[in-house]
Amino acid sequence: MQRASFVFYRLLAGFFFFAITVSPAQAQDAAALQAPQAVLSGIPFTVEVDAEVADGALVRVAGREYALTLDPDAASAVSDPITLDSGGMVSIALVRDGAVIQSMEKRVIPGWLAIVPPLLAILIALIFKRVIPALFLGIWVGSWAAAGLSFAGIFTGLLDTVQVYVLHALADTDHASIIIFTLMIGGMVGIISRNGGTQGIVNGIVSWAKSAQRGQVATWVLGMVIFFDDYANTLVVGKTMRPVTDSLKISREKLAYIVDSTAAPVASIALATTWIGYEVGLIGDSVSQIDGFSESAYSIFLNSLGYSFYPILAIYFVLMVALLRRDFGPMYRAERRARTTGAVSPVAESATAQDDETREIAPIPGKPQRAFNAIIPVTVLILGVLVGLYTTGEGETLRDIIGSADSYKSLMGGSLAGVLAAILLSVVQRILTLEQTIEAWYAGLKSMMFAMIILLMAWALSSVTEVLHTAEFLVSILGDALAPGFIPALVFLLAAATGFATGSSWGAMGILMPLVLPLAWAVLQVNGMSDPQHFYVIYSTVACVLAGSVWGDHCSPISDTTILSSMASSCDHIEHVRTQLPYALTVGLVAVMIGTIPTGFGLPWWVAQLGGAVILFLILRYVGKEVDAPQTRAGAA
C-alpha cells in the first residue's frame, strides 16, 4: 500500500513537472510567425514575421491573404489590422509562392470575455472580502481564456497563473524597484518607531492637532507637501500619520481615504512630478499622429490642467470633509465607531497580529522620544528622491528634468538614504543597539509582506488584461458613440472603465491616449470644428484621459495605489474601498456633470471648477452628518 502511494505521488509529481516544462505560454517558440496569444472576435490584431523570412511572403488568415510591411531592422507586420467576427478555431499561416512555411491554430474567443477576469476579481473581493483569492481566481480565469477556453487550458492556465503572470510581474524591473522601495520604507518606519521618533512627531502634532479635525487637515497638508510621486506620498504620509490619527480616534478608513486622495490626484497635476514626463510623452506620441495640430506636448498638458476636474475636486473635497467634520455613507459609520468606541479599525481585524506588530516596533521604555529622529530620516528620504530625480533627468528646466527622470532609481536611492539616516541616528544616540536597530528594520519590513503579495498579484492581473486586450474591447464598445460636445465626457468614462478594470491609471493612460486623441481630432474635422477656438475639446480630452484613469484607479479594489494606501494606513483593504467608493463616485459624478460636459460645449473651465466646488460643498453640508455631534437616540440608531 505504501509502495503504491509512493508510485502515485511520483507519477503526480512527474505530471506537474511535465506540465510545467511543456506549458505553451512558458515555452518561447523561435519560429518566424508570431500572433497574439489571445484573439478576440471584433477586435483588430496584427501578425508579425521575422525580417529574415518576410521578403516575398504573405500571411493567410482564415483563407484571406495579407501583405507584409517590410522592416529590415525589426519584425515585419501585416499591412492592415486583421479583424475576425466569428468564433471558433482559425488558421494563421505564413505563405511564400503558394507554399506554407509555418502555420498555427488560434481559437477566436468572444470579445466580452476580455472584461470577465477583472470584473470577477472585483466581485469576489467585494462579496467575500478576501483579496488574494479574488485576484488569483481572476488571473486563472484570464489565463484560461488566453489559452483558448479549452479543457486542457484549465490546467495550463492554472500553471501559467504563477509561472508566467506572477513570475513576469515579479521579474519586471520597475515592479521590483517599487517592491524594494516599499520594503525599505517599511523598514525605515520600523526603526523610527522603535527609536521613539514617530512618537515624538505624534507628541508634537497632537500638541497642535488636538482634535480629529486638525489631525485630518494635517494629514491633507502633508499629502500636498509630498507631491512629487504618488508611491512616496502614499507610503510616507500613511506610515507617518497613522500613530497621530490613531491617537485622535480617526478611523483607519478615513486615513486611507485622505492618503489615497492626495497621492495620485496631486502627483498627476503638479508641474514637477514623476508623472509629468510620462504624461507629456504620451501626449507627444499621440499628437504626432495628427495632421494639422502642431502645438507642443507640454503646452497641451499645461492647457489641459484647468479641465482636470476630478483630481482638483477630489483634493478640494478631502479638505472640505476635514474642515466641516462631516461624512456620509460607510465612512460616517466608520468615523462614529472610532470616536465613540476608540476602535480605529473594524472589529473583525486580527487584534493579535496588530498587537504583535505594534510590540515589535514600540518605543523602548525610558528612552527619549525625539521628533527629529523621525523627521530627519523622512527629510533625507524626500531630498534623496528629489536629488535622484534631478541627477537622472535631462532638460533645461526643472519641470523637464524631473519629468524625464528615472523615478524608480530615485525612489530606491532615497529610501536607502532614509534607512541609513535612521540607523545612524539610533545607534549614535545609543537609543538602540545595532542589533535592536536591525530587528526593528526587519519588523517594519515584515509588516509589508502581505500587502506586497496583493500588489504582485494585482500586477499579474493587469498583465492578463493586456493579453486579453481589455482596453481595446472597451474602446470598441464606446468609440462609435463619440460626438463633438460629449467627446471629453465619454473619454472620461472610457478611461475610468479601463482604469477600474485594469487597476492601473498609468496603464489606462498609456493605452487610451494614442487612441482617443486622433479620434477626437477626426470628429472635430468631420464636424468642421478643427479651428483654434475649438482646441479646448482637445485640451479637455487630454485632461479626461488623465482624470478618468485616476478616478477608475481610485474606485478599483485591484489598483496598486489603492492597495498601497490600505497597506500604509494599516486599513483593511476592502473596508478602504467600501468607504472611499461613495466619495469617489460623488466627486466623479460632479466632475462629469458640472465640469466636463458643460466645458465640452464651451463653458470656461474656471466657471465649471467653481461650480463643482460649490455643489460638493452643498452635498457635504446637507447630506453629510457631523461626526462629532452628540447623537440622539434616533440618530445613534
Side-chain angles (χ1 to χ4, degrees), residues 115 118 122 174 229-231 233-234 260-270 273-286 297 300-301 304-305 307-315 407 458-459 461-463 465-466 469-475 477-479 482 487-517 519-520 538-565 577 580-581 584-585 587-589 591-592 595-596:
I115 62 173
I122 291 167
D174 291 344
D229 182 79
D230 56 331
Y231 287 135
N233 181 304
T234 298
D260 206 356
S261 296
T262 55
V266 173
S268 64
I269 60 175
T273 74
T274 55
W275 284 57
I276 303 306
Y278 180 72
E279 294 170 4
V280 172
L282 290 176
I283 295 169
D285 292 342
S286 304
I300 295 172
F301 168 73
S304 73
L305 289 179
Y307 298 90
S308 297
F309 295 103
Y310 179 74
I312 293 173
L313 292 177
I315 297 168
S407 60
W459 282 328
L461 182 59
S462 180
S463 297
T465 63
E466 290 182 22
H469 312 289
T470 301
E472 288 85 344
F473 172 73
L474 292 173
V475 170
I477 294 175
L478 299 178
L482 294 178
I487 288 175
L490 291 173
V491 167
F492 181 93
L493 295 176
L494 179 59
T498 305
F500 184 84
T502 62
S504 170
S505 52
W506 279 40
M509 287 188 290
I511 292 168
L512 293 179
M513 194 74 80
L515 297 175
V516 300
L517 264 189
L519 180 60
I538 296 295
Y539 302 145
S540 185
T541 299
V542 170
C544 284
V545 172
L546 165 66
S549 299
V550 172
W551 187 38
D553 184 74
H554 263 180
C555 297
S556 176
I558 59 175
S559 158
D560 51 0
T561 51
T562 304
I563 293 169
L564 285 174
S565 298
V577 174
Q580 176 171 269
L581 193 57
L585 291 175
V587 177
L589 185 62
V592 173
T596 302

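Values reported hereafter were calculated over all heavy atoms of this structure, with side chains retained and with hydrogens, waters and symmetry mates removed.
Of all the heavy atoms in Thr262 and Val266, the pair that sits closest is O-CG2, 3.4 Å. The two residues Pro557 and Val577 make their nearest non-hydrogen contact at CA-CG2, 3.8 Å. Nearest heavy atom pair, residue Ile269 against residue Pro311, reads CG2-CB, 4.0 Å.
Between Leu305 atom CG and Ile300 atom CD1 the span is 12.5 Å, to the nearest 0.5 Å.
Considering only heavy atoms from C-beta on, Val491 stays 4.5 Å or farther from Thr596 through its side chain. The shortest distance between side-chain heavy atoms of Gln580 and Ser565 does not fall below 4.5 Å.
In terms of modelled atom types and a separation under 3.5 Å, the side chain of Ser556 and the main chain of Phe500 share a donor-acceptor contact.
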Cut-off 3.5 Å, no hydrogens considered: what does the side-chain donor-acceptor table look like for residues 542-554, sequence neighbours left out?
from   : atom 1 : to     : atom 2 : distance (Å)
Ser549 : OG     : Val545 : O      : 2.6
Trp551 : NE1    : Ala584 : O      : 2.7
Asp553 : OD1    : Ser559 : OG     : 2.7
Asp553 : OD2    : Ser559 : OG     : 3.0
Asp553 : OD2    : Thr561 : OG1    : 2.5
His554 : ND1    : Tyr310 : OH     : 2.9
His554 : NE2    : Asp260 : O      : 2.9

